[in-house]
Amino acid sequence: MAVLPKHKAQLNAARKMATSHAEALASYEAPRGLQSLLPTADARAAFEKAGFPTPVNEAWTFTNLAPLAKTNFTLPHKGQVSGAVIGEAKLVRDAVTLVFINGQLSYDLSEMTSLPVGVTIAPLSQAASMLTDSQVAKLKGKTTDGLAAANTAFLTDGYVLRVDEGQNITTPVELVFLSTGGKQAINLKTFITVGKGSTLELSEVYHSTSEEAYWHNSVTYIDVAQNGQLHFTRKQDEGTEAFHTAEVHTTLQRDASFYGFVANLGSKIARTMFETNVAGHNASANLAGFSLTGKGQHHNTSTHTLHGVEHTNANQIFRNVVAEGGHSVFMGKYHVLAEAQHTDAAMLNQNLLLAPSAKADSKPELEIYADDVKCSHGATTGKLDETALFYLQARGIDKSTAMAMLTEGFIDDLLNALPNSQARERLHDAIHRWLGRSMSTSMKG
Amino acid sequence: MTELLNIENLHARVEEKEILKGLSLKVNAGEVHAIMGPNGSGKSTLASVLAGKPGYEITEGSVNFQGEDLLEFEAEERAQKGIFLGFQYPVEIPGVNSMYFLRTALNAQRKARGEEELDGIDFMDFIQDKLELLDMNTEFLKRPVNVGFSGGEKKRHETLQMCALNPTLALLDETDSGLDIDALQIVSRGVNAMRGEGKAIVLITHYQRLLDYIEPDFVHVLKDGQIIKSGDKTLATELEKEGYSGLTNETTAA
């Protein structure tokens, strides 16, 4: 593709902003335990060269990060948060819980006494010795992607989680990432390994006590070994001025199953990218989720799923609800290589617009080189069904409640994909609250 | 007799098409009226207009319900004031179970009347005998509203809603269409349980068969947007035999 002059100008601006971002954080020092591993200087150079992503980049066509790039961020600082706030934020009440405040593990707020045998979990800054060779290679690796480079160049911390072989872990594990605002740039890197034949329910919650701008930028690497199973649920409920960018890279071995779920509620701009490599025979990658996007918010859920061997499965369903002045994006791609015969993959994105000014973009794609596969994709965007609204109103239910009920119904059955009933209830309540807040404004639209 | 509903010279149109062309009807408390008529005569439009469905334009006439101008109110306000529409085609609502739907509706109406709302436990107590009356059980309430319901289940569900909401005026739009005899008997049982002083029922139907189970006090023939003939229940039998074709506006009787 030829680089047009205006694209060049955009790219230069994005680089300039990366440089000023890097300069503002110049006093950064890598966590002590990672200094010998992290290629901080190289990553910084890569970040400045790549710049922040711009809509020139196809993956960012619908998502403009300029408000993020223009913010003058600071390095993370210590923050104080009460236990009650954590209780509010959590998805799974009785999970083993690690709490990170502004990217740093808080032992006081964490609850690790019930950590089951067979699971090891520690902050990345103290767990370099736990990393496998391939994880170390990922940590040291070069990247040309601006956000990933920034993540390495200014890494705050993250965690390493390992489930040994043959462990059916019944105690859920949850990570809570809480920010106290103050324009902090918090970079998180995580390595998760689920051993052969093991199962785990893992959830991550991103939350804030502040309505100030800050940035959670996370990169997660997940390996699910042969016949392993991972439920991985992310609840993004950041503050209204927050920026949230996340990449989840997952590799699935033979017979492994991955169930990813994303709930997007908060942030000014949030993007979650699931990049999945279905690398083993009979492995399955299942992704689901929803966005509730209100005024001034932008939610982007992207997926890229690579099928490289025979007989693999994938299933995706994303439902996005957009209120007045909100913008949601779904971009999904199944990439099926020639040798990946008998791939069975379905993708569905359904969007519900609650007001004329609500906007949803959808780009489901298939790129298939094998000739004997079953792959499908679909997308729908619509308004609430007028007939159903009248049906509820004819029973005495006022219009805004009726709208909320129908919208809740649109999303609610997705929650059945979650294995944990507490998480289902929590998300149900969160949806209910969001609808209560946004319906009155949407009705004016 | 207390007058509940008084429709005078009602004209209503959808887009450019006039469907009701000067319809008048009076319903007193305690009465059951049946409105019969051929397809396209305006039966469903009448029900929709009374219930407040958007999309209809009233160009002339008035509708008075218990001394108030009904046309002034939103659909939910009409329901709260005691009007119930049993839908000809009940609407599927995925993801919303029947219990949640019914309890929300009931509480919305109770709240509007200044009554206390029912919690989950009180609601179950409240709904139990209504379920039994209609040969239904609590499993039914866990299903998403009308999703995957058979025709008979949908109509029993409509009837359950009516029994729960206990309206002053029930408008039943072809509640009998497509029902087998068993379902028809069950639905009729629910409707008959609703009969009572101070209340009225308007049955909109295609078939005389329903009237074997629910005996009306008055039968009206609706044709081309007007009520062209009224009589007692024998009129229905007559219509069944003779059909609608012999009737014209000129034969209007009281």
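Residue numbers begin at 1 in each chain, while the letters A, B, ... track the order of the sequences. Computed over heavy atoms, backbone and side chain alike; hydrogens, waters and symmetry mates excluded.
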At a 4.5 Å cut-off on heavy atoms, which part of B/L85 comes close to chain A: side chain, backbone, both, or neither?
both

Identify, with sequence neighbours excluded, every residue that meets ring-ring contact (aromatic ring centres under 6.0 Å, His included) alongside A/Y391.
B/F87, B/F101

If you count heavy-atom pairs under 4.5 Å with chain B, which of A/R395, A/M405, A/Q393 comes out on top?
A/R395

Minimum heavy-atom separation for A/A394 and B/A79, please, with both atom names.
O-CB, 3.3 Å

Inspect the surroundings of NE2 in A/H428 and state if more than 12 heavy atoms from other residues, nucleotides or ligands are less than 6.0 Å away.
yes

Can you tell which part of B/P144 gets under 4.5 Å to a heavy atom of chain A, answering side chain, backbone, both or neither?
neither

With a 4.5 angstrom heavy-atom cut-off, which part of B/N97 approaches chain A: side chain, backbone, both or neither?
neither

Is atom CD of A/E365 surrounded by more than 12 heavy atoms (other residues, nucleotides or ligands) closer than 6.0 Å?
yes

Heavy-atom count around B/K26 NZ within 6.0 Å, excluding the residue itself: above 12?
no

Quick one, A/L392 and B/I93 - any side-chain contact, counting heavy atoms below 4.5 Å?
yes

Which heavy-atom pair separates A/I397 from B/A105 by the least distance, and what is that distance?
CG1-CA, 3.7 Å

Interface check, chain A: of B/V96, B/T104, B/L165, B/I83, most non-hydrogen pairs under 4.5 Å belong to B/T104

Please tabulate, one pair per line, all N/O donor-acceptor pairs under 3.5 Å involving side-chain atoms of residues 122-131 of chain B, not counting sequence neighbours.
| unit_1 | atom_1 | unit_2 | atom_2 | d |
| --- | --- | --- | --- | --- |
| B/K130 | NZ | B/F126 | O | 3.0 |

Ignoring hydrogens and geometry, is there a side-chain-to-backbone donor-acceptor pair from B/Q80 to A/G396 under 3.5 Å?
yes

For the student: nearest non-hydrogen atoms of A/D398 and B/E76, plus distance:
CA-OE2, 3.6 Å

Sort by residue number and list every member of residues 407-426 of chain A having a non-hydrogen atom under 4.5 Å from chain B.
A/E408, A/G409, A/F410, A/D412

So does A/K359 have more than 12 non-hydrogen atoms from other groups sitting under 6.0 Å from NZ?
no

Carefully, step by step, assess B/E74 and A/K399 under the rule side-chain contact (heavy atoms from CB on, under 4.5 Å).
CA-CA 9 Å; B/E74 298 292 329; A/K399 191 169 182 184; over 6 Å; no

With sequence neighbours left out, which residue pairs that include part of residues 135-149 of chain B fulfil the salt bridge (charged side-chain N to carboxylate O under 4.0 Å, His left out) condition?
B/D135-B/R189, B/E139-B/K142, B/R143-B/E153

For B/R113, does the CZ atom sit with more than 12 other heavy atoms under 6.0 Å from it, leaving out its own atoms?
yes

